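Data block below; observations after.
Every heavy atom of this structure was used, including side-chain atoms; hydrogens, water molecules and symmetry mates were not. No experiment lies behind these values; they were computed from the predicted model shown.
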Amino acid sequence: MTRNVLLRALTKNKFVASNAPRSISISITNLSRCISTLILAEHESGSIKPQTVSTVVAANSLGENSSISLLLAGSGSSLQEAAAQAASCHSSVSEVLVADSDKFEYPLAEPWAKLVDFVRLQGDYSHILASSSSFGKNLLPRVAALLDVSPITDVVKILGSNQFIRPIYAGNALCTVRYTGAGPCMLTIRSTSFPVTPITADSESKKATISQIDLSNFKEDSVSKSRYVGRSTQDTERPDLGSARVVITGGRALKSVENFKMIEKLAEKLGGAVGATRAAVDAGYVPNDLQVGQTGKIVAPDLYMAFGVSGAIQHLAGIKDSKVIVAVNKDADAPIFQVADYGLVGDLFEVIPELLEKLPEKK
């Protein structure tokens with residue numbers, strides 16, 4: 001009884017984050033008339049990432065009369081290919097800004113933050129958005145610190161130009177936040193909460209203008225506080241974990257790197273992505289970019305299958321929006337069964353080989 005009352009109170013409560021004096025106020029009506037949004041776009045190998053398009057969808061909820069600009073930075077031909085795709089990725093995008101320089105060859109937070117500040121001064125944007133990916137979580141707080149504003153992170157719903165909903169307490173409660181600061185409103189967007197509709201023939205014909213940013217007056221810190229060391233990627237045809245329709249996740253119960261390959265084989269058969277719990281990542285079974293949960297990636301597939309996953313609250317926070325959850329665990333009291341639509345109490349070392357044998361090959 002007391003817990004339910006507390007949760008309702010938390011949901012209705014409005015937390016105000018402001019860096020401006022109390023005497024300063026921003027009219028919601030005036031904001032809706034002059035909304036100009038800058039979205040920090042992610043791209044790789046000449047393609048815009050799906051979470052950036054989801055961020056564009058979220059930006060449409062800020063107001064009716066709003067303009068949306070995408071900011072891309074990098075160097076070489078892949079950047080220009082990504083810019084061309086960004087121009088037609090969504091009908092609401094009005095402009096694509098391209099910063100082509102060797103300074104942005106790698107997505108380091110320091111030069112990117114300076115770039116965002118540089119572009120903001122020229123465009124006078126009311127909102128700056130990024131997805132709640134590792135890129136956005138790394139970059140946006142640094143930009144917010146430069147501008148001395150309070151960012152609002154992991155937004156799952158937009159109620160207006162300055163009012164938003166975000167999860168707290170590992171997703172067990174929702175908090176309504178109203179931004180009252182004088183500077184630009186800065187948000188990171190949970191992409192799974194803003195699904196992207198398929199592109200139609202009409203929207204493909206609407207292409208935004210592409211503008212090259214003049215970087216002649218752009219000044220970077222003389223002493224860089226970070227440097228690019230390297231990057232490791234997996235060559236696989238499996239879909240991206242954050243946008244996959246099917247996700248197969250393994251936990252620490254798999255016991256070794258070799259055993260975890262059973263999860264990979266099952267994902268290949270089902271045409272899905274591979275995920276892992278934090279315990280499996282910490283044990284070194286898979287890279288940390290496959291971690292699912294509060295401190296990893298938030299997923300919302302049509303089918304989520306968990307093998308040897310106990311169901312810690314941090315992990316459940318990352319899968320709660322999945323359409324169907326299937327759990328296999330030999331512990332009948334595992335918390336994962338409380339949220340699973342279908343559960344099987346059994347040994348995964350017996351269940352997975354049987355699935356691999358009886359499931360048809362992916363067409």
Exercise for the section: Might you point out which heavy atoms bring Ser101 and Ser75 nearest each other, and give the distance in Å? Expected result: O-CB, 3.5 Å
Problem - Flag side-chain contact, heavy atom, 4.5 Å: Leu71 against Ile213 - result: yes
Exercise for the section: Following the transitive rule for hydrophobic clusters with a side-chain heavy-atom cut-off under 4.5 Å over Ile, Leu, Val, Met, Phe, Trp and Tyr, establish whether Val93 and Leu97 coincide in one cluster. Expected result: yes
Problem - Side-chain (Lys269) to main-chain (Leu359) donor-acceptor, under 3.5 angstrom - result: yes
Handout entry: salt bridge (Lys or Arg N to Asp or Glu O under 4.0 Å) against Glu357, all qualifying residues, sequence neighbours excluded
Key = none
Exercise for the section: Determine whether Asp100 and Gln80 make a side-chain contact, defined as any pair of heavy atoms from C-beta on separated by less than 4.5 Å. Expected result: yes
Completion exercise
Residues at least two apart in sequence or cross-chain that pass side-chain hydrogen bond (donor to acceptor under 3.5 Å, both in side chains) with Glu42, listed by chain then number, are Ser131, Ser133
Handout entry: Short side-chain to backbone donor-acceptor contact, His43 and Ala73, under 3.5 Å
Key = yes
Practice task
Verify, without hydrogens or angle tests, whether Ser161 (side chain) and Leu62 (backbone) share a donor-acceptor contact under 3.5 angstrom.
Solution key: no
Handout entry: Side chain Ser126, main chain Ser36, donor-acceptor under 3.5 Å
Key = yes
Handout entry: side chain to side chain donor-acceptor pair (under 3.5 Å) partner of Ser132, the single match among Thr188, Thr192, Thr55
Key = Thr188
Practice task
For side chain to side chain contact (heavy atoms under 4.5 Å, CB included), just list the numbers for Gln314 and Thr295, CA-CA rounded to whole Å, side-chain angles, deciding distance to a tenth of an Å, and then say yes or no.
Solution key: CA-CA 7 Å; Gln314 294 89 349; Thr295 55; 5.8 Å; no
Exercise for the section: Give every residue pair that meets the salt bridge (charged side-chain N to carboxylate O under 4.0 Å, His left out) criterion with at least one member in residues 239-250, sequence neighbours excluded. Expected result: Arg245-Asp302
Fill in the blank from the handout: Across all chains, not counting sequence neighbours, the ring-ring contact (aromatic ring centres under 6.0 Å, His included) partners of Phe118 are Phe218
Handout entry: Leu146 reachable from Val143 in the ILVMFWY side-chain graph, under 4.5 Å edges
Key = no
Practice task
Before accepting this row, confirm whether a basic side-chain N of the pair Lys261/Glu258 lies closer than 4.0 Å to the acidic partner's carboxylate O.
Solution key: yes
Practice task
Kindly determine whether Arg238 and Glu264 satisfy side chain to side chain contact (heavy atoms under 4.5 Å, CB included), including the steps that lead there.
Solution key: CA-CA 9 Å; Arg238 290 193 296 267; Glu264 297 175 358; 4.0 Å; yes
Report all side-chain donor-acceptor pairs from residues 270-285 shorter than 3.5 Å, counting only partners two or more places apart or in another chain.
from	atom 1	to	atom 2	distance (Å)
Thr277	OG1	Ala280	N	3.3
Tyr285	OH	Lys255	O	3.1

Distance-only criterion, 3.5 Å: show the donor-acceptor pairs between side-chain atoms of residues 325-333 and protein atoms not counting sequence neighbours.
from	atom 1	to	atom 2	distance (Å)
Asn329	OD1	Asp331	N	2.8
Asn329	ND2	Val309	O	3.2
Asp331	OD1	Asp333	N	3.0

Handout entry: Any side-chain heavy-atom pair of Leu303 and Lys323 under 4.5 Å
Key = no
Exercise for the section: Would you indicate whether the side-chain heavy atoms of Leu147 and Val116 approach each other to under 4.5 Å? Expected result: no
Practice task
Begin from the C-alpha positions of Lys320 and Val339 and carry the test side chain to side chain contact (heavy atoms under 4.5 Å, CB included) through to its verdict.
Solution key: CA-CA 8 Å; Lys320 61 187 302 183; Val339 300; over 6 Å; no
Handout entry: Sequence neighbours excluded, every pair satisfying salt bridge (charged side-chain N to carboxylate O under 4.0 Å, His left out) that has a member inside residues 116-139
Key = Asp117-Arg120
Completion exercise
The complete set of salt bridge (charged side-chain N to carboxylate O under 4.0 Å, His left out) pairs with one or both residues in residues 338-356, sequence neighbours excluded, reads Glu354-Lys358
Handout entry: Side chain proximity check, Thr52 to Phe135, heavy atoms < 4.5 angstrom
Key = no
Handout entry: Smallest separation among heavy atoms of Thr37 and Tyr125, with atom names
Key = C-CD2, 3.9 Å
Practice task
For residues 151-163, pull every pair meeting salt bridge (charged side-chain N to carboxylate O under 4.0 Å, His left out), keeping only residues two or more places apart or in separate chains.
Solution key: Asp154-Arg190
Completion exercise
Between Ile298 and Gly293, the two heavy atoms sitting closest are CD1-O, 3.6 Å
Practice task
Kindly give the heavy-atom pair with the smallest separation between Tyr304 and Ile319, and that separation in Å.
Solution key: CZ-CG2, 3.4 Å
Exercise for the section: Please tell me if the side chains of Leu70 and Cys89 come closer than 4.5 Å, counting only heavy atoms from C-beta onward. Expected result: yes
Completion exercise
side chain to side chain contact (heavy atoms under 4.5 Å, CB included) filter on Gln338, not counting sequence neighbours, yields none
Practice task
Check Gly160 against Phe164 and note the closest heavy-atom contact, atom names and distance.
Solution key: O-CE2, 3.7 Å
Fill in the blank from the handout: Heavy atoms of Pro195 and Val57 approach each other most closely as O-CG1, 3.9 Å
Exercise for the section: Identify, with sequence neighbours excluded, every residue that meets side-chain hydrogen bond (donor to acceptor under 3.5 Å, both in side chains) alongside Ser256. Expected result: Asn259
Completion exercise
Hits for side-chain hydrogen bond (donor to acceptor under 3.5 Å, both in side chains) against Asn60, two or more places apart or cross-chain, chain-then-number order -> Ser92
Problem - Val299 side chain near Thr249 side chain, heavy-atom distance below 4.5 Å - result: no
Handout entry: Flag side-chain contact, heavy atom, 4.5 Å: Val324 against Tyr342
Key = yes
Exercise for the section: Say whether Val119 and Ile48 are linked into one hydrophobic cluster, either directly or through other cluster members, by side-chain heavy-atom distances under 4.5 angstrom. Expected result: yes
Practice task
Take Lys103 and Leu115, measure what side chain to side chain contact (heavy atoms under 4.5 Å, CB included) needs, and give me the verdict at the end.
Solution key: CA-CA 10 Å; Lys103 298 176 182 177; Leu115 174 65; over 6 Å; no
